[in-house]
Amino acid sequence: MSTTTTGRASDAAFLEATDPFRREILAHCYRMMGSHHDAEDLMQETYLRAWRGYAKFDRRASVRTWLHKIATNTCLTALQSRQRRPLPSGLGGDAFDPTDDLLQDHEVPWLEPFSGTVDEVSPGDDADPAYVVGARESIRLAFIAALQHLPERQRAVLILRDVLQWKAAEVADTIGVTTATVNSLLQRAREQLKHAAPREGSQEELDDAAKRELLARYVSAFERYDVDAIVELFTDKAIWEMPPFTGWYRGAESIGTLIRHNCPAEKEGDQIMLPTVANGQPAFGLYMREPDGIHRAFQLQVLDFDDAGRVAHVVAFFSNTIDDVFARFGLPPTPYDAPPRTTPSAYH
């Protein structure tokens, strides 16, 4: 067999062994980095390093574990030269006055949403059930935002121990510290996370019918530009934030005032919303009617709600490349190009 043929066989064996874990590794890199773009780059770097070292892989660990070890160290190296990625509410300070001018800060490396459902970021059927549950919950936006408050080694240890359910000795071997250091880092990370994690309700308490009804009311209120109806959907302590704008706003009435003062919409039909999924949570691409009468991509809203069926938190992501953001979430540049929806909008 020629060297070329041998190389092709080795490449094929590598791809067969590692490709099933590609989405998992992407999600792991995203948890570490808080950036979808960084996660994609570091996943590619992980696979390049794995390909280079595949011939020496002794299989004492599973392929999944081996890839996660490489990805963890790849991300730790990258984090040494990167700032944390907050949401506006994570910058410190009190909630903003909704009547104040809106200010943007493009110097802050803001947290980015992650495209995909919980099934897409979960491991395969052969994974430990505890890991399956942890993987699904730990992709949620609130958890990713809370992770940004942790130094990189604490972040890695928390993810490896509490999400991947690794033993302390495995984590110590991965990041090159003692087991005692791992336990210390984990204790500090958990303590920090208790103070940093937003207090939000669980979407899992609502049954499917209740979720559909809530989301239908939410879409209807926005598309009719009925601000009173929007306010009724939010909890009294709900949070609204919209990076790269630095302000964040608390409470249903405050959110309503913000929308009345700053939303470009003026009347029913100015806004159209199409559903998607971000961080395993309900999300919508909002399209705004522009002066030429065409609705174009405006913002991506990611929702969290409480077990009583009210909205507890919305992060409305803006971007200078919003069409690219929408494309990553399966949304077209204009709503007219979208396929019919299960629950049709009056404006689509």
Side-chain angles (χ1 to χ4, degrees), residues 10-11 13-82 114 116 120-139 143-144 147-148 150-190 193:
S10 177
D11 289 349
F14 170 77
L15 291 173
E16 183 179 2
T18 61
D19 259 8
F21 308 109
R22 191 172 291 270
R23 189 70 184 178
E24 276 183 62
I25 298 302
L26 178 63
H28 180 60
C29 292
Y30 173 72
R31 293 184 191 100
M32 289 288 294
M33 305 304 297
S35 162
H36 197 289
H37 288 96
D38 286 352
E40 288 178 328
D41 290 343
L42 292 169
M43 179 193 68
Q44 296 299 333
E45 178 65 21
T46 294
Y47 270 75
L48 179 59
R49 293 185 182 187
W51 173 74
R52 288 171 176 166
Y54 188 64
K56 297 180 180 179
F57 176 44
D58 57 17
R59 296 190 177 273
R60 284 184 294 179
S62 69
V63 174
R64 173 184 280 117
T65 299
W66 177 63
L67 288 172
H68 274 94
K69 285 184 176 182
I70 298 172
T72 299
N73 283 292
T74 301
C75 290
L76 283 172
T77 299
L79 283 168
Q80 293 174 6
S81 60
R82 286 170 172 80
F114 186 85
E120 289 175 323
V121 300
S122 297
D125 295 336
D126 61 332
D128 186 306
Y131 173 37
V132 173
V133 173
R136 292 180 175 184
E137 287 300 307
S138 64
I139 206 69
F143 181 75
I144 302 300
L147 286 176
Q148 295 300 304
L150 301 178
E152 55 263 28
R153 286 205 304 175
Q154 287 186 30
R155 195 182 309 179
V157 167
L158 185 85
I159 294 169
L160 294 174
R161 290 285 280 122
D162 287 359
V163 177
L164 272 62
Q165 302 290 311
W166 284 16
K167 297 177 181 178
E170 293 178 296
V171 179
D173 178 65
T174 295
I175 65 174
V177 298
T178 65
T179 301
T181 299
V182 167
N183 291 333
S184 176
L185 289 169
L186 180 61
Q187 182 180 6
R188 280 182 278 163
R190 286 173 173 170
L193 216 60

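For the single chain, residues carry numbers from 1 onward in sequence order.
- To the nearest 0.5 Å, the span separating CZ on R31 from CZ on F143 amounts to 8.0 Å.
- Rounding to the nearest 0.5 angstrom, the gap separating the CZ atom in R190 from the CD atom in Q154 is 12.0 Å.
- Between the OG1 atom of T178 and the CG atom of N183 there is a distance of 8.5 Å, given to the nearest 0.5 Å.
- Remark: E45 engages R49 in a side chain to side chain donor-acceptor pair (under 3.5 Å) (not counting sequence neighbours).
- Taking each heavy atom of W166 and R161 in turn, the nearest pair found is O-NH1, 2.7 Å.
- At distances below 3.5 Å, at least one donor-acceptor pair connects side-chain atoms of Y47 with backbone N or O atoms of T18.
- Scanning all heavy atoms of the two residues, the minimum distance from Q148 to R155 falls at NE2-NH1, 3.6 Å.
- Counting all heavy atoms, side chain and backbone alike, I25 lies closest to A71 at CG2-CB, 3.9 Å.
- Considering only heavy atoms from C-beta on, V171 stays 4.5 Å or farther from T174 through its side chain.
- The closest side-chain heavy-atom distance from M32 to L76 is below 4.5 Å.
- The shortest distance between side-chain heavy atoms of F21 and V63 falls below 4.5 Å.
- Scanning all heavy atoms of the two residues, the minimum distance from Y54 to A17 falls at OH-CB, 3.7 Å.
- A donor-acceptor pair is defined here as one N or O able to donate and one able to accept, closer than 3.5 Å; such a pair exists between the side chain of E170 and the backbone of K167.
- Minimum interatomic distance between I144 and S138 (heavy atoms only, all atoms of both residues): CD1-O, 3.4 Å.
- Counting only heavy atoms from C-beta outward, the side chains of V177 and V157 never approach each other to under 4.5 Å.
- Counting heavy atoms from C-beta on, the side chains of D173 and K69 come closer than 4.5 Å.
- The environment of R22 atom CZ is dense: over 12 non-hydrogen atoms of other residues, nucleotides or ligands sit within 6.0 angstrom.
- Within the 3.5 Å criterion, the main-chain N or O of H68 finds a donor-acceptor partner in the side chain of T72.
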Where do T46 and H28 land on the side chain to side chain contact (heavy atoms under 4.5 Å, CB included) test, with the steps shown first? CA-CA 11 Å; T46 294; H28 180 60; over 6 Å; no
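- At distances below 3.5 Å, at least one donor-acceptor pair connects side-chain atoms of R82 with backbone N or O atoms of A78.
- What you find for A50 and L67 is that their closest heavy atoms are CB-CD2, 3.8 Å.
- Between L186 atom CG and D162 atom CG the span is 5.5 Å, to the nearest 0.5 Å.
- A tilted orientation is assigned to the rings of F114 and H36, their planes being inclined by 30° to 60°.
- The SG atom of C75 lies 11.0 Å from the CE atom of M43; values are rounded to the nearest 0.5 Å.
- The distance from the OH atom of Y30 to the CG atom of D38 is 11.0 Å, given to the nearest 0.5 Å.
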